[in-house]
There are 2 protein chains.
Amino acid sequence: MVESLLDIAEVAERSGLAPSALRFYEKRGLIASAGRNGLRRAYQPDILKRLAFIACARSSGFTIAEIARFLVATPDDTKLRARMAEKARELEEDIARLTRMRDGLHHASTCMHEPLVECPDFKRTFENPATLTPSPGHWQRTAFPAEGDLSRPGEVPANL
Amino acid sequence: MVESLLDIAEVAERSGLAPSALRFYEKRGLIASAGRNGLRRAYQPDILKRLAFIACARSSGFTIAEIARFLVATPDDTKLRARMAEKARELEEDIARLTRMRDGLHHASTCMHEPLVECPDFKRTFENPATLTPSPGHWQRTAFPAEGDLSRPGEVPANL
DNA sequence: CTGTGACTTGAAGCGCGGTTCAAGTCAAGG
DNA sequence: CCTTGACTTGAACCGCGCTTCAAGTCACAG
């Protein structure tokens, strides 16, 4: 049982996270190592599930600080639970927005309008009611290629 | 017709964006002013729709640079269109992940496990197959309160 | 003509989520 | 024993998406 522990490198590889990210998460209280082998962190195997949850939460729009709070939450923490319920509702909106965006993109990828954003069908997707703008303070990002040459499709101003 | 133009302050108010953000978007090529009144930018009313689209795209995980490219895209830009289709597929995954997270949160907000993250039902939500980790390079964020005292629910390490 | 005050600019700064770096430590192999 | 090399640390740095700041310009009121 003493030997079921995972080295940080192994955790990094299996989780897809950089070792530096693991140390960063530890500093922020998201994870903890089960002990050390010399200087080296040793993790219990179930750290991987925790990391999977963290990754899911991160990509769902939670900050590191939020996740840290969620991870130590107990049933009597009513405020946090209220916040969870609120977050669940926010996620509904996010889902609606993403669905719109997906539909819009899907159309744009096959539409013949010049330029694409001027297509009436496309615009209609974004014209309607709520679910367009996120509740204040709420966003996301996706790093674009950096690899692969998608970085220069439209010859954007390129200023700065 | 010459008087249907909007002042930057008006656009800011109606769009919910800060004037600085509008200037920033202009610098990045996302928007353009229709002209100037003295020094002041004057915008055509339909800028608001464009901004709504931009906000939706931003909150769907697109970077400023991506949006800039999308906004100038034409039907013959096959690479970009391929990327759009790919993005649409990624959004499917995002939606699946958000849906999971929503369900997990919804359960956690009414569950009696101590601590909440150890609830088997909750864990099961995140245990299964794909749709857990985002395709590499892909994330989002949500600023937490800052207002309202949610900032200290679990007395997290507080280091740093 | 003289404020006033909302805009203009470029440059610097900020918060987040890490990565990178220099310098140090340790276990294992030869 | 000494080397090797993967880990350790704290601190510095980075990219993104803005915001803030100092200094300047302009339209309009009085």
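Quick note on labels: first sequence line is chain A, next is B, and so on, each numbered from 1.
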Test item: Phe53(B) and Met101(A) side chains (from C-beta on) under 4.5 Å apart, heavy atoms: yes
Could you state the [atom1]-[atom2] distance from [X] to [N], rounded to the nearest angstrom?
| X | N | atom1 | atom2 | answer |
| --- | --- | --- | --- | --- |
| Glu13(A) | dC7(D) | CD | C1' | 16 Å |
| Leu39(A) | dA23(C) | CG | P | 18 Å |
| Glu26(A) | dG18(C) | CD | P | 15 Å |
| Ile67(B) | dC18(D) | CD1 | C1' | 13 Å |
| Ile54(A) | dG17(C) | CD1 | P | 12 Å |
| Asp7(A) | dC7(D) | CG | P | 5 Å |
| Phe24(A) | dC16(C) | CZ | P | 10 Å |
| Ile8(A) | dG5(D) | CD1 | C1' | 16 Å |

Would you indicate, yes or no, if [N] has its OP1 or OP2 atom less than 4.0 angstrom from a side-chain nitrogen or oxygen of [X]?
| X | N | answer |
| --- | --- | --- |
| Arg36(B) | dA27(D) | no |
| Arg23(B) | dC18(D) | no |
| Arg41(B) | dT8(C) | yes |
| Tyr25(A) | dG17(C) | no |

First of Leu17(B) and Glu10(A) reached from the 5' end of DNA chain D, by closest nucleotide: Glu10(A)
Stepwise salt bridge (Lys or Arg N to Asp or Glu O under 4.0 Å) check, Glu90(B) with Arg97(B): CA-CA 11 Å; Glu90(B) 286 179 24; Arg97(B) 227 170 320 105; over 6 Å; no
Toward the 5' end of DNA chain C, by each residue's nearest nucleotide, Leu22(A) or Gly38(A): Leu22(A)
Minimum-distance pair of heavy atoms, taken over all atoms of Thr74(B) and Arg81(B): O-CD, 4.4 Å
Atom of Lys123(A), atom of Val117(A) and distance for their closest heavy-atom approach: CG-O, 3.3 Å
